[in-house]
Colleague: 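Dropping the structure in here first, questions after.
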Amino acid sequence: MCGIVGLFLKDKSLEPQLGNLLSDMLITMTDRGPDSAGIAIYGGSAEGKAKITIQSSNPGADFEGLAADLEEAGIKAHVWIKSTHAVIELEASKLGAVREALERIRPAVRLMGSGESVEIYKEIGLPKDVVARFGVRAMSGTHGIGHTRMATESAVTTLGAHPFSTGADQCLVHNGSLSNHNNLRRELVREGMTFETQNDSEVAAAYLTAEMAKGKDLGQALTGALDDLDGFFTFVVGTKSGFGVVRDPIACKPAVMAETEQYVAFGSEYRALVNLPGIENARVWEPEPATVYFWDHDKAA
């Protein structure tokens, strides 16, 4: 049992409140997943810039002097430290180079996510503590997703927490379990995908990344998942401009959605949505089994 939340803003005036709204939603789901928690915020970046979020179990050693060491490696970057995580902002063209440099100069750090807009924070602990540790309430953005985990098939670790990110500006949160993840992982490895954990949810994220790399948009990739993934699942997925939801054909995992002129929201339970502005006038429904729900800022423009 895990808790999932997601919020996709249509109204730009709500963007400064995204972190605060999403934090309240996540904390409400604490009893569905007290082991660890994570959140992804899509907040954009300066023109031509990209961001990479990293995590360290020894941030004092790994983050001290990181900007200077990167510059010595030929990469000019700004580094913002947030507890056990750090966000590196740099020229988008240097994103591949900074990954290679980190492997050399900071081999112990772990990549949480990267792209032009996403920042991902996740750690062991209660959602309220994770939210406070990383200052999520103060963050602004266009959309975001979050997860509270109750571990059932793997260890409670930072890397085992959700969201899982396997592609630029892509991440996924999952409630359920997949039965064919081992076979699918082997197929994806042959296609060039790499994995940090044995978690089945990371396989789902990698599957979507691989499908979108073939030219599919998020909605098309989620449609394919209904045929290619076996098991019980509710997925909420973010891309740079998109937000998608899908449930397996049996749909035994709880889910509720709400939509107004200002936002689209998802929660494992309705109580995650009750403090959203205008929720009393929202269209509220339970997402149908084997049905893809998909919103995209770029397509709405």
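We number each residue from 1, following the sequence as shown.
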Colleague: Within the side chain of Ser117, is there an N or O that forms a donor-acceptor pair under 3.5 Å with the backbone of Gly43?
Modeller: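 Not a single qualifying donor-acceptor pair exists.
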
Colleague: Can the ring centres of His147 and His174 be said to be less than 6.0 Å apart?
Modeller: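 Not under 6.0 Å, so no.
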
Colleague: Show the numbers, then the answer: is there a side-chain hydrogen bond (donor to acceptor under 3.5 Å, both in side chains) between Thr197 and Glu202?
Modeller: CA-CA 7 Å; Thr197 74; Glu202 187 180 15; 2.7 Å; yes

Colleague: Counting distance only, does the side-chain N/O of Ser268 pair as donor-acceptor with the main-chain N or O of Ala255 below 3.5 Å?
Modeller: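 Not confirmed, Ser268 side chain does not pair with Ala255 backbone.
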
Colleague: For the residue pair Ser165 and Gly167, what are the closest heavy atoms and their distance?
Modeller: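 Smallest interatomic distance, heavy atoms only, reads OG-O, 3.4 Å.
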
Colleague: Hey, is Lys49 close enough to Glu91 for a salt bridge, meaning N to O under 4.0 Å?
Modeller: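 Looking at Lys49 and Glu91, the cut-off is met.
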
Colleague: Can you find a pair of side-chain heavy atoms, one from Pro127 and one from Ile39, that are under 4.5 Å apart?
Modeller: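 No - every pair of side-chain heavy atoms lies 4.5 Å or more apart.
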
Colleague: Taking the cut-offs as 6.0 angstrom to the six-membered ring centre and 45 degrees off its axis, would you call Arg185 and Phe195 a cation-pi pair?
Modeller: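 The answer is yes; both the distance and angle limits are met.
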
Colleague: Ion pair present between Lys240 and Glu116, side-chain N to carboxylate O less than 4.0 angstrom?
Modeller: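 Looking at Glu116 together with Lys240, the answer is yes, because their closest N to O distance falls below 4.0 Å.
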
Colleague: Is there a side-chain contact (heavy atoms from CB on, under 4.5 Å) between Ser56 and Phe63? Walk through the geometry before answering.
Modeller: CA-CA 8 Å; Ser56 171; Phe63 298 159; 3.8 Å; yes

Colleague: Ignoring hydrogens, what is the shortest heavy-atom contact between Asn199 and Ser201? Give both atom names and the distance.
Modeller: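 It is OD1-N, 2.7 Å.
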
Colleague: Hey, are the side chains of Val203 and Glu187 touching, using non-hydrogen atoms and a 4.5 Å cut-off?
Modeller: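 No, too far: nothing below the 4.5 Å cut-off.
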
Colleague: Does a donor on one side chain sit under 3.5 Å from an acceptor on the other, for Asp169 and Thr239?
Modeller: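 Short answer, no.
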
Colleague: Do the side chains of Asp24 and Arg137 get close enough for a salt bridge, i.e. N-O under 4.0 angstrom?
Modeller: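 So Asp24 pairs with Arg137 through a salt bridge.
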
Colleague: Does Val5 reach the side chain of Met29, with side-chain heavy atoms less than 4.5 Å apart?
Modeller: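 The answer is yes, as the side chains (C-beta and beyond) meet within the 4.5 Å cut-off.
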
Colleague: Could you please spell out the steps behind the ring-ring contact (aromatic ring centres under 6.0 Å, His included) verdict for Tyr42 and His143?
Modeller: CA-CA 5 Å; Tyr42 287 85; His143 56 297; 4.3 Å; yes

Colleague: Given side chains that start at C-beta, do those of Val237 and Leu218 come closer than 4.5 Å, heavy atoms only?
Modeller: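 Result yes, sub-4.5 Å side-chain heavy-atom pair found.
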
Colleague: Which atoms form the tightest heavy-atom contact between Leu226 and Arg247, and what is the distance?
Modeller: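 Reported closest heavy-atom pair: CD2-O, 3.5 Å.
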
Colleague: Passes salt bridge (charged side-chain N to carboxylate O under 4.0 Å, His left out), Glu261 versus Lys10? Steps please.
Modeller: CA-CA 7 Å; Glu261 293 183 355; Lys10 304 177 185 179; over 6 Å; no

Colleague: Is Asp230 reaching over with its side chain to a backbone N or O of Asn180, donor-acceptor style, under 3.5 angstrom?
Modeller: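 Here the side-chain-to-backbone pair does not exist.
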
Colleague: What heavy-atom pair brings Leu276 and Met25 nearest, and what distance separates the two atoms?
Modeller: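 It is CD2-SD, 3.9 Å.
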
Colleague: Measure the spacing between CG of Leu126 and OG1 of Thr148 and express it to the nearest 0.5 Å.
Modeller: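 Answer rounded to 0.5 Å: 10.0 Å.
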
Colleague: May I ask whether Val130 and Leu21 are part of the same hydrophobic cluster, defined by side-chain heavy atoms of I, L, V, M, F, W, Y residues being less than 4.5 angstrom apart, directly or through others?
Modeller: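 Yes, one cluster joins them.
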
Colleague: Nearest 0.5 Å, please: how far is CG in Asp298 from OG in Ser241?
Modeller: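 Answer rounded to 0.5 Å: 3.5 Å.
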
Colleague: Out of curiosity, Leu90 CG to Glu71 CD, how far, rounded to the nearest 0.5 Å?
Modeller: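 Here the interatomic distance stands at 12.5 Å.
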
Colleague: Is the shortest side-chain N to carboxylate O distance from Lys51 to Glu89 below 4.0 Å?
Modeller: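 So Lys51 does not pair with Glu89 through a salt bridge.
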
Colleague: Do Val118 and Val79 sit in the same hydrophobic cluster, where Ile, Leu, Val, Met, Phe, Trp and Tyr count as joined when their side-chain heavy atoms come under 4.5 Å apart?
Modeller: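 Unlinked, Val118 and Val79 end up in two clusters.
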
Colleague: Which pairs count as salt bridge (Lys or Arg N to Asp or Glu O under 4.0 Å) when at least one residue sits in residues 265-285, sequence neighbours excluded?
Modeller: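 For residues 265-285: Asp31-Arg271, Arg32-Glu269, Glu259-Arg283, Glu269-Arg271.
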
Colleague: Would Val264 and Tyr293 count as a side-chain contact (heavy atoms from CB on, under 4.5 Å) if you check the C-alpha gap in whole Å, the side-chain angles of each, and the deciding distance to 0.1 Å?
Modeller: CA-CA 10 Å; Val264 179; Tyr293 298 85; over 6 Å; no

Colleague: Can you tell me how far apart OG1 (Thr142) and NZ (Lys12) are? Round to the nearest 0.5 Å.
Modeller: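 Output value for this atom pair is 7.5 Å.
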
Colleague: Verify side-chain contact (heavy atoms from CB on, under 4.5 Å) between Met257 and Glu286, making sure each step is shown before the conclusion.
Modeller: CA-CA 6 Å; Met257 300 194 71; Glu286 180 181 349; over 6 Å; no

Colleague: Once you measure the plane-to-plane angle for Phe8 and His297, does it fall in the parallel (<30°), tilted (30-60°) or perpendicular (>60°) bin?
Modeller: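 The arrangement is parallel - the two ring planes meet at less than 30°.
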
Colleague: More than 12 foreign heavy atoms under 6.0 Å from CD of Glu72: is that the case here?
Modeller: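 Open: at most 12 neighbouring heavy atoms sit under 6.0 Å from CD of Glu72.
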
Colleague: Tell me whether Leu111 is reachable from Ile75 by hopping between hydrophobic residues (I, L, V, M, F, W, Y) whose side-chain heavy atoms are closer than 4.5 Å.
Modeller: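 Ile75 and Leu111: one cluster.
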
Colleague: Would a hydrophobic clustering, with Ile, Leu, Val, Met, Phe, Trp and Tyr connected at side-chain separations under 4.5 Å, put Val256 with Phe233?
Modeller: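 No, because Val256 and Phe233 fall into different hydrophobic clusters, even though each may have its own neighbours under 4.5 Å.
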
Colleague: Measuring only between side-chain heavy atoms, which start at C-beta, is Pro163 closer than 4.5 Å to Leu172?
Modeller: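 No. Closest side-chain heavy atoms not under 4.5 Å.
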
Colleague: Measure the CD1-CD1 distance between Ile145 and Ile120 for me, rounded to the nearest 0.5 Å.
Modeller: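 These two atoms lie 7.5 Å from each other.
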
Colleague: If I take atom CD1 from residue Ile88 and atom CG from residue Leu102, how far apart are they, to the nearest 0.5 angstrom?
Modeller: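 Reported value, rounded in 0.5 Å steps: 5.0 Å.
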
Colleague: With hydrophobic residues grouped by side-chain heavy-atom distances under 4.5 Å, do Val274 and Val131 end up in a single group?
Modeller: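 Same cluster: Val274 reaches Val131 through Ile, Leu, Val, Met, Phe, Trp or Tyr contacts under 4.5 Å.
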
Colleague: Measure the shortest side-chain to side-chain distance between Leu9 and Gln262 over non-hydrogen atoms and say whether it is less than 4.5 angstrom.
Modeller: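 No, side chains not in contact.
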
Colleague: Please collect all ring-ring contact (aromatic ring centres under 6.0 Å, His included) contacts where either partner lies in residues 74-93, sequence neighbours excluded, each pair once.
Modeller: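 Of all non-adjacent pairs touching residues 74-93, those that pass ring-ring contact (aromatic ring centres under 6.0 Å, His included) are His78-Trp80, His85-Tyr121, His85-Phe134.
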
Colleague: Indicate whether any N or O donor in one side chain lies under 3.5 Å from an N or O acceptor in the other, for Glu123 and Thr158.
Modeller: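 Note: Glu123 and Thr158 side chains meet the donor-acceptor criterion.
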
Colleague: Would you indicate whether the side-chain heavy atoms of Ile279 and Tyr263 approach each other to under 4.5 Å?
Modeller: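 The answer is yes, as the side chains (C-beta and beyond) meet within the 4.5 Å cut-off.
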
Colleague: Is there a donor-acceptor pair under 3.5 Å between the side chain of Tyr207 and the backbone N or O of Leu188?
Modeller: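 Judged by distance alone, no pair lies under 3.5 Å.
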
Colleague: So, Thr84 versus Gln55: side-chain donor-acceptor pair below 3.5 Å or not?
Modeller: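 No, no side-chain donor-acceptor pair sits under 3.5 Å.
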
Colleague: Can you name the closest pair of heavy atoms from Ala282 and Ala258 and give their distance?
Modeller: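 Residues Ala282 and Ala258, closest heavy atoms: CB-CB, 4.1 Å.
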
Colleague: Does a side-chain heavy-atom distance below 4.5 Å link Leu18 with Ile41?
Modeller: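 Counting from C-beta outward, Leu18 and Ile41 do come under 4.5 Å.
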
Colleague: Please give me the minimum heavy-atom distance between Leu70 and Ala77, naming the atom from each residue.
Modeller: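 Scanning both residues, the minimum pair turns out to be CD1-CB, 4.2 Å.
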
Colleague: For Asp217 and Met212: C-alpha separation, side-chain torsions, deciding distance, then whether side-chain contact (heavy atoms from CB on, under 4.5 Å) applies.
Modeller: CA-CA 6 Å; Asp217 64 21; Met212 285 187 277; over 6 Å; no

Colleague: Ignoring hydrogens and angles, tell me if any N or O in the side chain of Ser140 forms a donor-acceptor pair with the backbone of Pro16 under 3.5 Å.
Modeller: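 Not a single qualifying donor-acceptor pair exists.
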
Colleague: How would you list all residue pairs meeting salt bridge (Lys or Arg N to Asp or Glu O under 4.0 Å) that involve residues 93-107, not counting sequence neighbours?
Modeller: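 Pairs touching residues 93-107 that pass the test: Asp69-Arg106.
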
